[in-house]
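The sequence lines fix the lettering, A, B, ..., with proteins before strands; numbering per chain opens at 1.
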Amino acid sequence: MGSLVINQNLVNKDNAESLVSLCPFGAISYSNGALDISSACKMCKLCVKKSDGIIKYEEQVKASVDKDLWKGICVYVDHLAGKIHRVTYELLGKASELAKVTNQPVYALMIGHNLSESVNKLLHYGADKIFVYDSEEFKDFRIEPYTAAFCDFIEAYRPSSVLVGATNLGRQLAPRVAARRRAGLTADCTVLQMKENTDLVQIRPAFGGNIMAQIISTDTRPQFCTVRYKVFNEPTPSEQPSGEIVNLTIDASKLKSNIEVVSYTDKPKDIDISESDVIVAIGRGAMSESTKALASELADLLGATLACTRPLVEGNILDAKRQIGLSGRTVKPKFIICLGISGSVQFAAGMKASDCIVAVNTDPNAAIFNIAHYGVVGDVNEIIPKLIAQIKEGKENV
Amino acid sequence: MDILVCIKQVPGSTNVEVDPVTGVLKRDGIASKMNPYDLYAIETALLLTEKFGGSVQVITMGPPQAKSIITEAICMGAEKGTVLSDRKFAGADVLATAYTLSQGIKKAGKYDLIICGKQTTDGDTAQVGAEISEFLNMPNISNVLSIENVSDNTVTLTASQDEKIVKMKIKMPCVISVDADINTPRLPSFKVQKQVDDSKIQFLSFADFEDQNVNNYGLAGSATQVERIFPPEKLQEKCSIQGTPTEQADQLYDLIRRIKIV
């Protein structure tokens, strides 16, 4: 905690101008002989390092929490009508790893209605305790009752860290709960590590994945984070059930809602690239109708889903649901072949966890080759028809 | 109905790099623009007032230059806007940002509906809207796909909840975040741009807020701290498949057979 203090006595026109141009966020301005820092400041403190004492960082002491009062790593069980989202299992696996560092318990928290069957499934994923709010009021996800139950649990059991899946539901619930607790929340973490003092090290991509930021919450508890599906590995379920089920209740007066759920409909059965094990992805270098047709044919032969980069969505060539990347979907297939994709960091952030990445691109300097396990410098239109022919031939010979 | 849209000025490009030696952000032009997701939120508000009457205002937190996106919103059809700008707001994380916005919203006026975009392109957190709703003590729904009706102080809408589409009714005042494909945002009118004067843009700072505890804003009010920033890792080992196109295709075929794709 702290703030930047400017020593205006040291400011002159020359050093002011160099500081103005130094700030990556354009937050420093100079007028009427005085330097000012605007709210564009991101506290990167570059100016503190480079200003020879003109701008100083002053530490403010802030009341700190007693971390010993907060124990355990809690995973929120994301589900729709009792059907558990698999990100929950991935988070329970990660929570068990993190809990070993500080020898803390792993908790699962489930809020819903008629949950007994789902709760039994959770007994195979290493949670020490499974806390359950099971009531008619929780039949549908509505923000106020779910937030009330979540906060009720936190007050009673004081978990040190709370891991929530970055699903549509989790992205609403986690911030609402964190805000009520005035606690820190880090979205879309890709790496989590536990310090011995129970501070959770949270690493996430920022600026469209061009930068990784390592974030901690030293003064607040619990430490909330959200993690997208398929970032961590799903553990193998244990054969023997383990863990204690703790049923909790909350006063009905706290569960009032201004939201009424009218009906549910299934999303039109369409492509979900994040569920695909094999993906053929095309980019700007494979935008032509003929190249797209080649990619489609290859996808059919491989039993793969066709996916793409942002320019193809913006050019109305493929549906937005097929877009990989930060503004699209995150995928983690067993195999992905990238055709004519330069490999922007935004794209890479959405697929670099794939088990096997192949890239075909005419440009040997394309960034995609930095993350590809197998790089092919060459023309998609020359190589892929030959590959298609081989696959067809191979299938005939079986 | 009076609608407020929360908008943000973001870098024109996310093309920034970290110097691997000094760990410092390398600057690559700081041209900025309105967060593209906010355009859908503004369009949603304009369509609603065209149908049901009322006014659209916008609010942002940022440096004084963020005024330009307020002008842009006015050119799209908003009536007026507010910029929350103060050095005390600097270095805000999700918590402090949402809190500052909620204080600014309370000061700016009374609204039936607050609309946010899905996320920003620089922070990418998609969480500020939900935190604002908590501080305003209003119900909220994210990932709104369509707004079907507004009547009896209630909005009927559909929202995406992972594999389902849920139809819901939410009482106003409330906060909603709309998905990107909810509509096609209109272009700003340059005719209007000439008429935008400063009377339509209000600046508020810390001194205007109800909560005068400076520790709730900016870096001091943030619960998270950035310990360090670093460039994304790059794979060291990689295998290059070389030769004529035929030879390359052969090796690719061997590879996909070896890992049992075919």
Side-chain angles (χ1 to χ4, degrees), chain A residues 1 24 26-27 37-44 46 60 80 143-144 167-169 171-172 175-176 179-180 183-187 207-208 210-217 220 258-265 267 278 302 326 335 356 370-376 378 382-383 386-387 390-391, chain B residues 14 16-18 24-25 27 30 62-64 85-87 89-91 94 98 122 124-127 130-131 134-135 139-140 142-143 160-171 219-220 223-230 232 234-235 238-241 245-246 248-249 252-253 259 261-262:
Chain A
M1 289 309 103
I37 302 172
S38 77
S39 50
C41 172
K42 299 267 188 263
M43 284 289 176
C44 72
L46 179 59
Q60 288 156 3
L80 195 67
I143 194 71
E144 308 99 316
T167 61
N168 288 355
L169 190 156
R171 282 171 185 280
Q172 285 181 76
R176 190 95 201 204
R180 191 165 297 180
L185 166 63
T186 308
F207 284 96
N210 286 297
I211 285 172
M212 302 302 290
Q214 179 169 324
I215 294 165
I216 49 166
S217 295
T220 57
N258 281 314
I259 298 170
E260 179 197 337
V261 173
V262 181
S263 62
Y264 291 92
T265 42
K267 273 194 189 152
V278 185
L302 297 178
L326 278 184
F335 179 81
C356 179
N370 292 330
I371 56 162
H373 302 107
Y374 297 92
V376 185
E382 287 181 24
I383 297 166
K386 294 187 167 68
L387 177 62
Q390 286 228 24
I391 298 170
Chain B
T14 50
V16 289
E17 277 180 54
V18 184
V24 159
L25 276 179
R27 175 182 182 175
I30 47 161
S85 194
D86 198 308
R87 219 181 109 194
F89 305 156
V94 170
D122 56 349
D124 284 322
T125 69
Q127 295 177 334
E131 293 218 356
E134 172 65 23
F135 292 126
N140 70 298
S142 298
N143 303 100
S160 159
Q161 231 173 58
D162 298 301
E163 53 197 56
K164 298 275 183 186
I165 293 171
V166 194
K167 185 173 171 178
M168 285 178 274
K169 290 182 173 186
I170 181 167
K171 274 192 198 135
L219 189 69
T224 57
Q225 298 98 43
V226 178
E227 259 192 329
R228 64 180 181 118
I229 51 175
F230 55 99
K234 284 181 184 159
L235 195 83
K238 50 184 178 180
C239 175
S240 176
I241 295 180
T246 310
Q248 289 174 319
L252 274 181
Y253 182 63
I259 58 174
I261 304 297
V262 290

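A distance of 10.5 Å separates NZ in B:Lys171 from CD1 in A:Ile259, rounded to the nearest 0.5 Å. Rounding to the nearest 0.5 Å gives a distance of 6.5 Å between CG of A:Leu80 and NZ of B:Lys164. Taken from CD in B:Gln161 to CG in A:Leu169, the straight-line distance is 5.5 Å, to the nearest 0.5 Å. The distance from atom CD1 of A:Ile215 to atom CD of B:Glu227, rounded to the nearest 0.5 Å, is 10.0 Å. Interatomic distance, B:Met168 CE to A:Glu260 CD, rounded to the nearest 0.5 Å: 11.0 Å. One finds the OG1 atom of A:Thr167 at 11.0 Å from the CD atom of B:Glu163 (value rounded to the nearest 0.5 Å).
Contacts between B:Phe135 and chain A at a heavy-atom distance below 4.5 Å involve the side chain alone, from C-beta outward. Of the two parts of A:Ala183, only the backbone, made up of N, CA, C and O, holds a non-hydrogen atom closer than 4.5 Å to a non-hydrogen atom of chain B. Within the 4.5 angstrom heavy-atom criterion, only side-chain atoms of A:Ile143, from C-beta onward, approach chain B. Only the side chain of A:Val278 has a heavy atom closer than 4.5 Å to any heavy atom of chain B. Interface remark: A:Glu144 contributes side-chain atoms only to the contact with chain B (heavy atom separation under 4.5 Å). Of the two parts of B:Ala126, the backbone and the side chain both hold a non-hydrogen atom closer than 4.5 Å to a non-hydrogen atom of chain A.
For chain A, the option among B:Gly91, B:Gly62, B:Ser142, B:Ala130 with the highest count of heavy-atom pairs below 4.5 Å is B:Ser142. Ranking A:Cys356, A:Ala187, A:Ala179, A:Ala27 against chain B, the residue ahead of the rest is A:Ala179, based on heavy-atom pairs under 4.5 Å. Among B:Asp162, B:Val226, B:Leu252, the residue making the largest number of heavy-atom pairs under 4.5 Å with chain A is B:Asp162.
Across every non-hydrogen atom of A:Gly378 and B:Gln248, the tightest pair is CA-OE1, 4.5 Å. Between B:Thr224 and A:Gly184 the shortest heavy-atom distance is CG2-CA, 3.7 Å. Residues B:Ala223 and A:Thr220 come closest through the heavy atom pair CB-OG1, 3.6 Å. Nearest heavy-atom pair, A:Lys386 versus B:Ala249, reported as atom, atom and distance to 0.1 Å: CB-CB, 3.6 Å.
At a threshold of 4.5 Å between non-hydrogen side-chain atoms, the residues A:Thr265 and B:Lys167 do not count as touching. Side-chain atoms of B:Glu134 and A:Pro175, non-hydrogen and from C-beta on, never get closer than 4.5 Å to each other. Here the side chains of A:Arg171 and B:Asn143 are not in contact, with every heavy-atom distance at 4.5 Å or above.
Counting only distance, with no hydrogens or angles, the side chain of B:Lys169 and the backbone of A:Val262 share no donor-acceptor pair below 3.5 Å.
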